[in-house]
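Below: one structure, written as structure tokens.
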Amino acid sequence: MRLSRYFLPTLRETPKEAEIVSHRLMLRAGLIRQQSAGIYSWLPLGKRVLENIAQIVREEQDRSGAIEMLMPTLQSADLWRESGRYEAYGKEMLRIQDRHERDMLYGPTNEEMITDIFRAYVSSYRAMPLNLYHIQWKFRDEVRPRFGVMRGREFLMKDAYSFDIDRESARAAYQRMFVAYLRTFERLGLKAIPMRAESGPIGGDMSHEFIILASTGESEVYCSRDLLDLPIPPADIDFRGDLSPIVDAWTSHYAATDEKHDVEAFNKLPEERRITARGIEVGHIFYFGTKYSEPMGAKVAGPDGAEHFVHMGSYGVGVSRLVGAVIEASHDEAGIIWPDSIAPFAVGLINLKPGDAATDAAAEKLYDRLVKAGLSVLYDDLDQRAGAKFASMDLIGLPWQVIIGPKGAASGEAEIKRRATGARETLPIDSVVDRLLAG
RNA sequence: CGGGGCGUAGCGCAGUCUGGUAGCGCACCUGGUUUGGGACCAGGGGGCCGCAGGUUCAAAUCCUGCCGCCCCGACCA
């Protein structure tokens, strides 16, 4: 993509409404534009990141056996009356009426709708386990939206819903999501720690929040340093096997948010093993048994021939929040530092002197080669001073920068810079592609 | 929802106290000189001063009401 033909409105100065670093950088790097409190447009560069994150979430959901679908943003109030939540939900739910004055709502979550779908089609335990998910926009009319996309009112969420014949198989479904989440956040370059969360009326130990450590996090968290060193399950992990050992390993160490913090238990850890930090919640999984299947009549025939209410769980990942969370965890003075896995472009190619025939020729040649090698390239062909080019390229945080100017064009050399480390090297133009592919 | 703050050009701000026909920096446009870390010169475009009402010869400025946005707390992917 040629920058001169792209739409990337970067800002040199920070809009004053942005207080935290990820919000400032997202506005300055041209990722988003605020349209209203807690509601944002995703500009082209931001859209690419959002899609990249969604894709990783999708791949790991699919790997774990979940099946993607898509439910609408608007829902009928009637479904929510069945579960009792239409009255219970309160002002966070955006309620609207259509032209026939029918009560509708912009979905804040989809338990009712997925339960309705399930009960319409599934009547045997043989169809289970089943886990259906979608990646869709949600609306929760937060009292106080803040921190940019980290707490928007409209946000993109992956929500998965599992259906099982009994509590034990629901536990296995829960564990599959637990492992899928460990892998997902790892691939996004994040250290996410599962922490036991409020489990609601069902009780038990099947509710975890996945929290990443970042100094600007919203809540205080406490955990054991051992959690940072635990291995992440590999890509070829067998999701049909018993995942208990992995889940047990992760849940046996101390980890709690401040509302569940047990000072006494925490202090039993040796001092150097204790971590007190700020955290950002990026995922939440829980088992809620028959909470919706009973009132909504979602039951199936079991192997015993009798009808059973299905046991359900739901599993959320804040996809749009993750964009902000990743930036919180990965930036420096100059701007964003995207992990390779979700960067909007892999390479920023900087032409230091557009209009100079030799430099243009060398840059074009490099551009073609990089693209042919399968790399996504943002080619800065703007007629600007080098300083401005470097500053905005650092701001948008692409993993690699390739710099070519008149001197390089003459000597046949280019400079490459790794954004994350700042390491630079000069090498022959002919070997740039191989060098980048080598990592 | 309680407390605090802010709405003036795309962005950052001054001007408001003490009313007199709207300004600065960056960005943008034209021309020229420049070009390896946010250039310089000259010229130029762009404003219902958040909205409505009031006071006044005259309102960005004073008064009243409303709207929007941000920050701090109670709640949440």
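Bear in mind that the values here come from a model prediction, so they are computed numbers and not experimental data. By convention in this document, chain letters (A, B, ...) are assigned in the order of the sequence lines, proteins followed by strands, and residues within each chain are numbered from 1.
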task = Considering just the side-chain nitrogens and oxygens of Arg144(A), establish if one lies under 4.0 Å of OP1 or OP2 belonging to C75(B).
result = no

task = Tell me what Pro406(A) touches on the nucleic acid: a base, only sugar-phosphate, or nothing, going by heavy atoms under 4.0 Å.
result = base

ask   = When we call it a touch if two heavy atoms are under 4.0 Å apart, what does Ile403(A) touch: a base, just sugar-phosphate, or nothing?
value = base

request  = Answer yes when Arg2(A) and Glu364(A) have at least one side-chain N-carboxylate O distance shorter than 4.0 Å, and no when they do not.
outcome  = yes

task = Please report, rounded to the nearest Å, how far the P atom of G68(B) is from the CZ atom of Arg153(A).
result = 10 Å

request  = Looking at every strand, decide which applies to Gly148(A) at a 4.0 Å heavy-atom threshold: base, sugar-phosphate, or nothing.
outcome  = nothing

inquiry  = By nearest heavy atom, map Ser320(A) and Gly38(A) onto RNA chain B; which one lands nearer the 5' end?
reply    = Gly38(A)

ask   = Just checking Ala391(A): base, sugar-phosphate only, or nothing, at a heavy-atom cut-off of under 4.0 Å?
value = base

query = To the side chain of Arg146(A), which of C72(B), A77(B), G36(B) is closest?
reply = C72(B)

message = Categorize Val282(A) for me: base, sugar-phosphate, or nothing, with a 4.0 angstrom heavy-atom threshold over every strand shown.
response = sugar-phosphate

message = For G2(B), give the paired nucleotide (Watson-Crick: N1-N3 plus N6-O4 or O6-N4; G-U: N1-O2 and O6-N3; both under 3.5 Å), or none.
response = C72(B)

query = What does Asp394(A) touch in the nucleic acid at a heavy-atom separation under 4.0 angstrom: a base, only the sugar-phosphate, or nothing?
reply = base

ask   = With a cut-off of under 6.0 Å to the ring centre and 45° to the axis, is Arg119(A) in cation-pi contact with Tyr292(A)?
value = no

request  = Just name whichever nucleotide pairs with A52(B), Watson-Crick or G-U, keeping both distances under 3.5 Å, else none.
outcome  = U64(B)

query = So what does Gln34(A) touch, heavy atoms closer than 4.0 Å: a base, only the sugar-phosphate, or nothing?
reply = sugar-phosphate

ask   = If we require ring centres under 5.5 Å and near-parallel planes under 30°, does Phe155(A) stack on A77(B)?
value = yes

query = Within the structure shown, what part of the strands sits under 4.0 Å from Arg424(A) by heavy-atom distance: base, sugar-phosphate, or nothing?
reply = base

Complementary nucleotide for C11(B) - Watson-Crick or wobble, under 3.5 Å = G25(B)

inquiry  = For a quick check of understanding: with a heavy-atom distance under 4.0 Å over all strands, which category does Gly316(A) fall into, base, sugar-phosphate or nothing?
reply    = nothing

key: Nearest-Å distance for atom pair CZ/P, residues Arg12(A) and G37(B)   = 15 Å

key: Polar side-chain contact Arg28(A)-G10(B) base: donor and acceptor under 3.5 Å   = no

task = Rounded off to whole Å, could you give me the NZ-to-P distance for the Lys389(A) and U35(B) pair?
result = 15 Å

query = Checking all strands, does Lys158(A) fall into the base, sugar-phosphate, or nothing category for heavy-atom contacts under 4.0 angstrom?
reply = nothing

Partner nucleotide of A58(B) by Watson-Crick or wobble geometry (both distances under 3.5 Å) = none

query = Salt bridge check: are Arg81(A) and Asp103(A) linked by an N-O gap of less than 4.0 Å?
reply = yes

task = Identify the nucleotide, in any strand shown, that forms a Watson-Crick or G-U wobble pair with U16(B), with both distances under 3.5 Å; if there is none, say none.
result = none

note = Applying the 3.5 Å cut-off to both distances, the Watson-Crick or G-U partner of G31(B) turns out to be C41(B)

ask   = Under 4.0 Å between a Lys/Arg side-chain N and an Asp/Glu carboxylate O for Asp430(A) and Arg369(A)?
value = yes

query = Is a salt bridge present between Lys47(A) and Glu51(A), judged by a nitrogen-to-oxygen distance below 4.0 Å?
reply = yes

remark   = Contacts of Val149(A) and Glu13(A) projected onto RNA chain B by closest heavy atom; the upstream (5') one is Glu13(A)

message = Just N and O in the side chain of Thr14(A): are any of them under 4.0 Å from OP1 or OP2 of G12(B)?
response = no

request  = Please evaluate the base of G38(B) for a donor-acceptor partner in the side chain of Gln384(A) within a cut-off of under 3.5 Å?
outcome  = no

ask   = When you measure from the centre of the six-membered ring of Tyr40(A), is the NZ or CZ of Arg33(A) under 6.0 Å away and within 45° of the axis?
value = no

